[in-house]
Amino acid sequence: MLNLSNSLKKHLEKALIKAFPEIAKAAQMAGLSIDPELVPTSRPEFGDFQANIALKLAKSLKTAPRSVAQAIVEELQNDDDFIRLCEPPEIAGPGFINLTIKTINLVEEIKSRLHDPRLGVPSVNKAKSAPIVVDFSSPNIAKEMHVGHLRSTIIGDSIARILEFRGHPVLRINHVGDWGTQFGMLITQLKSVAPKALTTPEVIDLGDLVTFYRQAKERFDQEPAFQATSREEVVKLQRGDPLSIKAWELLCEQSRKEFQKIYSRLDVHITERGESFYNSYLEQVVIDLENSGLLVIDEGAKCVFLEGITGKNGRLLPVIVQKSDGGFNYATTDLAAIRYRFNAAPKGDGACRLIYVTDAGQANHFTGIFQVAKRAKWVPHNARVEHVPFGLVQGEDGKKLKTRSGETVRLRDLLDEAIKRAESDLRRRLNEEGRTEEERFIKNVSTTVGIAAVKYADLSQNRVTNYQFSFDRMLALQGNTAPYLLYAFVRIAGIVRKGGTPDIHTDTFSFETSQEWSLVRQLLKLDEVITEVEEELLPNRLCTYLFELSQIFNRFYDQVPILKANNQAKNSRLALCLLTSNTLKLGLRLLGISTLERM
RNA sequence: GGGGCUGUAGCUCAGCCGGAUAGAGCGACGGUUUCCUAAACCGUAGGUCGUGGGUUCGAGUCCCGCCAGCCCCGCCA
């Protein structure tokens, strides 16, 4: 209903100027316009929208709020366009103006959506729009992906999907940890225990690498000789020694294959551009910070001290961009990345917005480097840099998620488990209902439901809070879960199979019951929800919307006959089914979740 | 010590720019199947929004203090 609420807003603004010209003039002088404070109503019985401005104006006008509202309403009723759009406004409570869209306009909206593949969601002008970088997932080479990466991957992918659907060019960037001191250790260890792995592909898998990495770390902490060799190895790598580079490439390739398996299962597409990509830009970061006068050498390290952020002992906190041994660190890389992403092509991405989807523990780090980048004037005017933080994944005991033996949970095991549980649920139900289905059907449904459940459980929660992981809850057949939404979709598919294709070219849709009108109104809210998520980057708002849509649909399905209704009612109801189906499908797609015809 | 995030029903969580009587789901209790997949629907019970102040016509939401939990705080990412 974006277009309806936008025109309502215009009518209200016009009415405000007419009713209170002096206030409008004063606002204009200050470079503002009066905001009518138009919002969706808090309860359906108040209509579709409410304008709250009268309550605000009452004070400066020294008039009772209800008479302010009355003056606005009188102007509205002199406006023919408004009268065509809306039922007579009602003044309620202390001075709210309640507005109800005329049903004929709602029906028109439904009609236009039945013919619109975008379901009424506007698209930005791609030609004029600069790319948005979504930096997400970002596992480390030679380590297993864990549940933290899962959250980043699922949330980042959904945000990217929503921005893409809105028409923005999106760069999905996998900022993998593919550089740094850990490679010195790892290569040194492999040289001594598995030299073949450094020269021949496919000799070791990621599981082995993780073991070698753990061993290397232990030796690094205990053996001075090992430490020294590792440091030399890092230097060799950074100088571009061909043998070291070759070994490094093999390690990356091995990890990459393993990551790709997870991404394929999750249907996530992402472009790898790891930390190593920025190696050649690091030196310039330090030089330019020095030239701009921000750089301070402290205890041998080159730092930028942050304004207004103190650490221990009350001193300002530094961002270290070059260590006392001359090496660069992650802050340098992140700064180089910010520059590159904002720089115009071909020397950069020419982005207008950077979105980092990482755990909330990195909030301080991002605050720091964003401040440095801004002070160094590397962030263009009107550009945005945003950290999109998310909370920890906890087990049902409220502690950080671990396996029973206390190990980190591997992603592939977690996905396997979800699918396995979905499968046994399905088999039990088939058994109870006496249904028989092909193995292929069972596998497909279990996989889709299992993956959907994992994704939806993560996305449906406000990301900033910690997230309590529970297979039982995410796979529950009722409540705000993926299976519930998928089932609503399946019900519609069932109706369509029974010969329920509506004629959407007819002019005579008519909706009678309150269940139909609730569904109509909910369907028309999609555009508002999508544009809100685009701005706030909170996919859980989309989940809430889809859950409410499913609830309203299930109520309608339960209480209103569709296939058995008379012709005109039947066609109208089938049209609502079709639009609900399309809306659910699109919404779920934007969450990275695919739908099923039967389950 | 400094900073960040969190605190809402027994449990898991929503709550948009400050708006009308704070909402779901689970769990509990009680109903609904000659009818499009009952993986559904309907109903009942359940709240000092951590706490004390402040701002406001109006505060779960904004500001300040306090309490509790989690996370971060110089050369790891």
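Residue numbers start from 1 in every chain, and the chains themselves are labelled A, B, ... in the order their sequence lines are given, proteins ahead of strands. Computed from a predicted structure; not experimentally measured.
Few gaps surround CD on A:Glu432; more than 12 heavy atoms of other groups in view lie less than 6.0 Å from it. More than 12 non-hydrogen atoms from other residues, nucleotides or ligands lie less than 6.0 angstrom from CD of A:Glu396.
Counting non-hydrogen atoms under 4.0 angstrom, A:Asn466 reaches the backbone sugars and phosphates but no base. A:Val321 comes within 4.0 angstrom of nothing in the nucleic acid, heavy atoms only. Using a 4.0 Å heavy-atom cutoff across all strands shown, A:Ile369 reaches no nucleic acid atom at all. Nucleic acid contact class of A:Gly177 (heavy atoms, under 4.0 Å, all strands): none.
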Test A:Tyr330 against A:His365 for ring pair (Phe, Tyr, Trp, His ring centres under 6.0 Å), laying out the working first. CA-CA 10 Å; A:Tyr330 61 99; A:His365 165 65; 4.8 Å; yes

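When distances run from any side-chain atom of A:Glu532 to the nucleotides B:G2, B:C41, B:C16, the shortest one goes to B:C16.
When the side-chain nitrogen and oxygen atoms of A:Gln551 are compared with OP1 and OP2 of B:G25, one or more of them lie within a distance under 4.0 Å. The shortest distance between the side-chain N/O atoms of A:Arg541 and the OP1/OP2 oxygens of B:G15 is below 4.0 Å. OP1 or OP2 of B:A77 has not a single side-chain nitrogen or oxygen of A:Gln182 nearer than 4.0 Å. Contact annotation: A:Arg473 side-chain N/O to B:C13 OP1/OP2 distance is not under 4.0 Å. Here A:Gln461 reaches the OP1 or OP2 of B:C13: one of its side-chain N or O atoms lies under 4.0 Å away.
For B:A38, the base has no donor-acceptor partner in the side chain of A:Asn554 [N/O atoms by modelled type, under 3.5 angstrom]. Side-chain atoms of A:Glu548 stay outside donor-acceptor range of the base of B:A24, with no qualifying N/O pair under 3.5 Å. Contact annotation: side chain of A:Asp558 to base of B:C41, donor-acceptor pair absent below 3.5 Å. In the interface, the side chain of A:Arg598 is not paired with the base of B:U37 through any donor and acceptor atom under 3.5 Å apart.
Pair check for B:C57 finds B:G19; Watson-Crick or G-U wobble, both atom distances under 3.5 Å.
Nucleotides of RNA chain B nearest to A:Pro561 and A:Gln322 differ in position, and the one nearer the 5' end is that of A:Pro561. Summary of the strand contacts: A:Gly479 and A:Ala92 both lie near RNA chain B, and taking for each the nucleotide with the nearest heavy atom, the more 5' one is attributed to A:Ala92.
Stacking between A:Phe46 and B:A20 is present: the aromatic ring centre lies within less than 5.5 angstrom of the base six-membered ring centre, and the two planes differ by under 30 degrees. With centroids closer than 5.5 Å and planes inclined by less than 30 degrees as the test, A:Phe96 and the base of B:A20 pass as a stacked pair.
A cation-pi arrangement is found for A:Arg598 relative to A:Phe441, the charged atom lying closer than 6.0 Å to the ring centre and inside a 45° cone about the ring normal.
For an aromatic pair to be called close, the ring centres must be under 6.0 Å apart, and A:Phe46 with A:Phe96 fails this.
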